[in-house]
Amino acid sequence: MPKASARSTPVKLPPALGALADSVIEAKLPNGLRVRLLPNAGVPTCSYYTFFKVGARNERPGITGISHLFEHMMFNGAKKYGPGMFDKVLESNGGSSNAYTSNDLTVYYEDFMAEALETVIDLESDRMRSLAVTPKMLASERQVVMEERRLRVDNEIAGMMDEELGALVYKAHPYRWPVIGWMGDIENISREDCLDYFRTYYAPNNATIYVAGDFDPKQALAMIKKAYGNIKAGPPVPGVLDAEPEQKGERRANVHYPAQAHSLMIAWRGPKGDDPDTFVLDVVQYALSVGQSSRLNRKLVFELELAVGVSVDWTWRFDPGTFTVGLELKAGGDPAKAEAALYAELEKLAKDGLDARELEKAKNNLAGTLMRELATNSGRAHALGTYELMLGDWRRGLALPNAYERINSDDVKRVVAKYLGAERRNVVTLIPTNGVEA
Amino acid sequence: MSAALELRPLQLPPHEKRKLRNGLQLHLVPRGPLPLVAVRLVMRGGSVWDPIGRAGIANFAARLLRRGAGGRTADELSEAIDFVGAALGGYANEENVVLSLSCPSKHLEPMLELMGVLLLEPDFPESELELARRRTLAQLQNELDDPGALAERAWARAMWGDHPYGHETLGQKSSVEALSRADLVNFHRTRLGPVLAHLYVVGDINVDRITTVADRIFGQWTGGPQLAPRVPDWAGPERMGEVIIVDKPEQTQVQMRIGAAGVKRGHTDHFPLTVMNAVLGGGFTSRLIREIRVKRGLSYGASSSFDMMSNAGTFMVGSFTKTENINTLIDVALAEVKKMRAKGPTSLEANTMKRYISGLYPARLETNEALAGSIADVQHYGLPDDWITRYRDRINAVTAKEAARAAASHLFDKERVIVLVGNAQQLTPKVAKYGRVSVVKPDELG
C-alpha cells in the first residue's frame with residue numbers, strides 16, 4: 001500500500017473524466033486518515049463513504065465472519081450517540097445509511113441532504129473514536145446475522161454453491177471461507193474478539209473517507225479535521241500472507257439439494273487486483289458474458305439452449321481472486337455438456353483470441369460501465385474509493401479506458417491460457433435431489 | 001427538532017413537451033455533463049390487458065422485438081446494440097409496454113433508428129418465438145427454487161385472484177405454451193400505437209435536433225388504441241382471512257408476506273400515507289425494524305409498503321425468520337399494524353420521516369434513467385405537473401394527525417391474507433390460529 005495516494009503518476013485521462021479528476025481534493029491527517037473530496041452541485045445531496053481496509057481476508061478460523069458481524073455492530077452505539085441513535089439522528093437529518101463487507105474491505109456509506117454534512121461527520125467520527133460493544137447488543141445482532149446467513153446461504157442455492165466453491169479454490173488463503181462466516185463461528189465470536197478487532201483495524205490510519213456532492217470543500221475539510229483530528233493512530237495493521245499453493249489439477253465438489261435443474265459454478269484463481277493481467281480478464285469477462293451477442297450467451301443460451309442464464313464474475317481483490325462462471329441450466333439440461341461447451345469456448349479464446357471488433361466492443365462496454373458508475377454522488381465516491389484501495393490511486397481507475405485501449409488479442413490469448421486452463425479449474429455442481437436425474 | 005425545514009432548491013433541467021402529428025408526445029430533457037442519454041418509449045398496453053389464456057404476451061412480445069426486426073437477425077441486432085455499449089430492449093409491466101434505451105450520447109441517433117426498427121418492423125421469426133418460449137418456460141420453472149420469488153407469486157395469486165393486476169408479467173406455463181406468432185402480430189398491431197404513447201429523452205441532447213430525428217423515425221407510426229383501456233375494479237383480496245403455505249420442506253427459514261388492500265396512485269392521502277408507512281416499515285428506524293430486528297433479533301429485514309397502480313393498490317408487510325420463530329414474527333407484525341391503525345405515528349416520528357423522505361428525494365432523480373422514470377410516472381398516473389418539484393413541500397406539510405387519520409382509514413383490521421414459504425408440516429399447526437390454512441406445492445404456482 002502506498003504511503004499516500006496523492007502521488008502524481010502522470011496518467012492521461014479520457015476527456016469526459018478530466019473535469020472530475022480536476023475537482024478532487026486530497027488530504028491526509030496527521031493520524032493517517034486519508035480524505036478525498038468530490039464537490040459537485042448537481043443535486044442538493046451528498047454521499048459520505050468510509051473505507052476500512054479490512055475484510056474476511058484479515059480473519060482466521062474460529063472468528064470467520066467477524067468483519068461482517070462487526071460491520072453490524074458499528075450501528076449499535078458509540079460514546080456520544082448511543083444504541084439506536086446513529087440511524088435515528090441520520091434519518092431525522094434527511095439521510096440514510098448502509099454498509100457492506102467484502103473479502104478485502106468494509107465500507108460504510110450515507111446518502112443525505114446537503115445540509116446534514118456536519119452531523120454525518122459527527123456520527124461517523126464518533127463511532128470510529130469510541131464504538132461501544134455491549135454484551136446485550138452483541139447477543140441480539142448475532143441472531144440477526146445468523147438469520148441473514150440462513151437467508152443468503154442456508155436457504156439459497158447460489159449461496160450454498162458459492163461457499164463450496166471458495167473452499168475448493170483456496171486451500172491456504174483466507175478467501176477460503178465465506179464473508180458471512182461459518183455458522184458455528186458466528187455463534188461463538190466473543191466480545192473480546194470484537195474489541196480486539198476494533199482496536200486493530202478501525203484506526204484512522206486504516207481508513208479512507210470519500211465525500212461527494214453539494215458542499216464547500218474548504219468547510220468540509222475543516223469539519224473533518226476537527227472531528228477526526230484527535231482520534232489516535234493505531235499500530236500498523238498486520239499483513240496477510242498469501243500462502244496459497246499452485247493448483248495442480250481440477251477440483252470438483254457437489255451440492256445435493258432440492259431444485260428444478262442442475263446448476264454449475266466454475267472458477268479459476270486469477271491475478272491480484274492491481275496486476276495488469278486483471279484488466280485483460282475484464283475484457284475477457286465482457287466478451288464472454290455482457291450482452292446477448294457475447295460468446296457464452298450466444299453459445300450456451302441461444303445456440304445450444306443448455307442454460308437459462310450465464311454470468312461471469314471477475315471481482316478484483318487484493319490477493320489473487322476468482323474468475324467465476326455461473327451456468328443456470330434448464331431442467332433436464334446435461335451439466336457435462338454445458339461444461340464441455342464452456343471449455344471449448346475458452347480453448348478457442350486461448351488459441352485465436354478476440355477479433356478486432358469484439359475487442360472494441362468489450363472496450364466500449366467497459367468504458368460505458370465506468371461512465372454510468374460516475375453518474376451519481378454515491379457512484380462517484382464508491383468508484384473512486386474502490387479504485388484507490390484496489391489500485392493504489394483513484395487516477396488509475398479513471399484512466400482505465402486507456403489501459404483497456406492498449407489490450408490486444410495476443411494479451412487475451414496469453415491471459416486465458418495462463419489462468420483459465422483445465423488444470424486450474426474448480427467445479428461445483430448442484431445436483432437436484434427431488435426426482436430430477438442426478 | 002425544528003418543524004420548518006428549509007430545503008435547498010431542486011434544480012431540474014427544462015422539460016420540453018412536443019407532440020408529433022401522429023399523436024406521439026415527446027418529453028425532452030437536456031442534461032449534462034456526462035455524455036450519456038436515457039430514452040423510454042412508454043406505451044399503455046401492459047400485462048393487465050393480456051387476454052385470458054394469453055397472460056404474459058405483452059412482456060413476451062416486447063422482449064422478442066430485438067430478436068428479429070426489419071429483416072435483421074437477432075445476432076445482427078444484438079451485435080449493433082452491444083458494440084456501442086448501449087442497452088436497448090423491450091419489456092412490459094402491469095400497465096405499460098416499454099422500449100428502453102441507454103447509451104453514450106454520440107451513438108444516440110443510430111440507436112434511436114434501431115429502436116424505430118424494433119418498434120415498427122418486428123419480424124417475430126418463428127424460430128425465435130420457439131426459442132424464447134423454451135427459455136421462458138425454463139425461467140418460470142427455475143424460479144420455483146427461489147423462496148422470495150415463490151412468496152411473491154403466491155402472494156399475488158392470493159391477493160388478486162383472477163383480476164388482471166394479478167397477471168404475472170412473465171406469464172404462466174399454460175399461457176406461454178399457448179402463444180402463437182399470430183398472437184404476437186395481433187398484439188403488435190392492436191395494442192401499440194402513437195396516440196397513447198410518450199417518448200422520454202433525458203441526457204446530453206439537443207432538443208431541436210432530437211425533435212427532427214424523432215419525427216423522422218416515429219412520425220409515420222400509426223394504428224393502435226385511441227383511448228386508454230380501463231382496468232376493472234377490484235373487490236379486495238381474493239383469499240381474505242386465509243393462510244397460504246407454499247411447502248418447501250427443506251427450508252430452515254420461513255418467508256412471510258402479509259397482504260391487504262391499499263390505495264390507487266394519486267390518492268388524496270398519498271402524502272400522509274407515505275409518511276405513515278415510513279414510520280411503520282420504511283427506513284432503518286421504522287417500528288417494524290425496531291421491534292423485529294433490533295429488539296428481538298428475529299430477522300435481518302422487515303418492511304411494509306404500498307404498491308399503487310392506476311385503479312387499485314395493495315399493502316404488504318414482509319419479513320422472514322427461522323421456522324421456530326414464526327409465531328412471534330407474525331404476532332409482532334400484526335400488533336404493529338394494529339397499533340399504528342389505532343394511534344398513528346407520534347409527531348416526533350412523523351417529523352423524522354418527513355426529513356428522511358424529503359432530504360433523500362433529490363437523489364432519486366440523479367440519473368437520467370431515474371429522472372425519465374419519474375417524469376413518465378407523473379404522465380402515466382395523471383399526477384399534477386408540479387408533482388416532482390413540490391414533492392418535498394407536500395411531504396413536509398403532512399401533520400402527525402393527518403398521518404394517523406390515513407392509518408386509520410387505510411391499514412387493515414382483520415381483512416388480510418398471510419402467505420408463508422417454508423416447511424408446511426412444521427408450520428401448519430403453528431399458524432392455524434390466524435385463519436384457514438391451505439398448503440400448495442411450488443409446482444402448483446408454475
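Side chains are part of it too, since the values below use all heavy atoms of this structure and drop only hydrogens, waters and symmetry mates. Nothing here was measured: the structure is a model prediction, and the numbers come from that model.
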So which part of [X] gets closer than 4.5 Å to some heavy atom of chain A, the side chain, the backbone, both or neither?
{"X": "B:Glu128", "value": "neither"}
{"X": "B:Pro147", "value": "side chain"}
{"X": "B:Asp146", "value": "neither"}
{"X": "B:Pro442", "value": "neither"}
{"X": "B:Leu298", "value": "backbone"}

With a 4.5 angstrom heavy-atom cut-off, which part of [X] approaches chain B: side chain, backbone, both or neither?
{"X": "A:Arg372", "value": "both"}
{"X": "A:Glu358", "value": "neither"}
{"X": "A:Asn98", "value": "neither"}
{"X": "A:Val43", "value": "side chain"}
{"X": "A:Asn297", "value": "neither"}
{"X": "A:Ile157", "value": "side chain"}
{"X": "A:Ser96", "value": "both"}
{"X": "A:Asn76", "value": "neither"}
{"X": "A:Leu17", "value": "neither"}
{"X": "A:Arg149", "value": "neither"}

Closest non-hydrogen atom pair between [X] and [Y], with its separation:
{"X": "B:Tyr356", "Y": "A:Gly95", "result": "CD1-O, 3.2 Å"}
{"X": "B:Pro362", "Y": "A:Thr45", "result": "CB-CG2, 3.8 Å"}
{"X": "B:Val294", "Y": "A:Ser140", "result": "O-OG, 3.1 Å"}
{"X": "A:Tyr257", "Y": "B:Gln251", "result": "OH-OE1, 4.4 Å"}
{"X": "A:Met371", "Y": "B:Leu34", "result": "O-CD1, 3.7 Å"}
{"X": "B:Leu10", "Y": "A:Pro44", "result": "CD1-CD, 4.2 Å"}

Find the one option among [options] whose heavy-atom pairs under 4.5 Å with chain B are most numerous.
{"options": "A:Lys361, A:Arg298, A:Lys363", "result": "A:Lys361"}
{"options": "A:Asp111, A:Asp154, A:Leu151, A:Asn364", "result": "A:Leu151"}
{"options": "A:Glu115, A:Gln292, A:Lys136", "result": "A:Gln292"}
{"options": "A:Thr369, A:Val144, A:Leu374", "result": "A:Val144"}
{"options": "A:Pro83, A:Ala114, A:Gly368", "result": "A:Ala114"}

Flag this pair as yes if the NZ/CZ of B:Arg355 is under 6.0 angstrom from the six-membered ring centre of A:Phe112 and inside a 45 degree cone about the axis; otherwise no.
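The answer is no, since B:Arg355 fails at least one limit relative to A:Phe112.
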Let me see the working for A:Met146 and B:Tyr300 under side chain to side chain contact (heavy atoms under 4.5 Å, CB included), right down to the final yes or no.
CA-CA 8 Å; A:Met146 287 165 70; B:Tyr300 172 66; over 6 Å; no
Any ion pair linking A:Glu305 and B:Arg134 (charged N to carboxylate O, less than 4.0 Å)?
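Between A:Glu305 and B:Arg134 there is a salt bridge, with a charged N closer than 4.0 Å to a carboxylate O.
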Any salt bridge between B:Arg8 and A:Asp214, counting N to O under 4.0 Å?
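A:Asp214 and B:Arg8: salt-bridged.
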Any donor-acceptor N/O pair, [X] side chain to [Y] backbone, under 3.5 Å:
{"X": "A:Glu91", "Y": "B:Thr352", "answer": "no"}
{"X": "A:Asn365", "Y": "B:Val84", "answer": "no"}
{"X": "A:Glu360", "Y": "B:Phe83", "answer": "no"}
{"X": "B:Arg135", "Y": "A:Val308", "answer": "yes"}

Could you grab the distance from atom [atom1] of [X] to atom [atom2] of [Y], nearest 0.5 Å is fine?
{"X": "B:Leu348", "Y": "A:Ser92", "atom1": "CG", "atom2": "OG", "result": "8.0 Å"}
{"X": "A:Lys330", "Y": "B:Gln139", "atom1": "NZ", "atom2": "CD", "result": "9.0 Å"}
{"X": "A:Glu148", "Y": "B:Ser299", "atom1": "CD", "atom2": "OG", "result": "10.0 Å"}
{"X": "A:Gln260", "Y": "B:Asn142", "atom1": "CD", "atom2": "CG", "result": "7.0 Å"}
{"X": "B:Glu250", "Y": "A:Thr433", "atom1": "CD", "atom2": "OG1", "result": "7.5 Å"}
{"X": "B:Ser127", "Y": "A:Phe302", "atom1": "OG", "atom2": "CZ", "result": "12.0 Å"}

CD/B:Glu291: more than 12 non-hydrogen atoms of other groups inside 6.0 Å:
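More than 12 heavy atoms, drawn from other residues, nucleotides or ligands, come within 6.0 Å of this atom.
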side-chain hydrogen bond (donor to acceptor under 3.5 Å, both in side chains) for A:Ser294 and B:Asp82? Distances and angles first, verdict last.
CA-CA 8 Å; A:Ser294 61; B:Asp82 293 348; over 6 Å; no
Please walk me through it: do B:Arg293 and A:Glu147 pass side chain to side chain contact (heavy atoms under 4.5 Å, CB included)?
CA-CA 10 Å; B:Arg293 175 171 161 155; A:Glu147 214 53 65; over 6 Å; no
Before you tell me yes or no, could you show the steps for B:Phe320 and A:Arg150 under side chain to side chain contact (heavy atoms under 4.5 Å, CB included), namely the whole-Å CA-CA distance, both residues' side-chain angles and the distance that decides it to 0.1 Å?
CA-CA 10 Å; B:Phe320 46 86; A:Arg150 283 184 200 105; over 6 Å; no
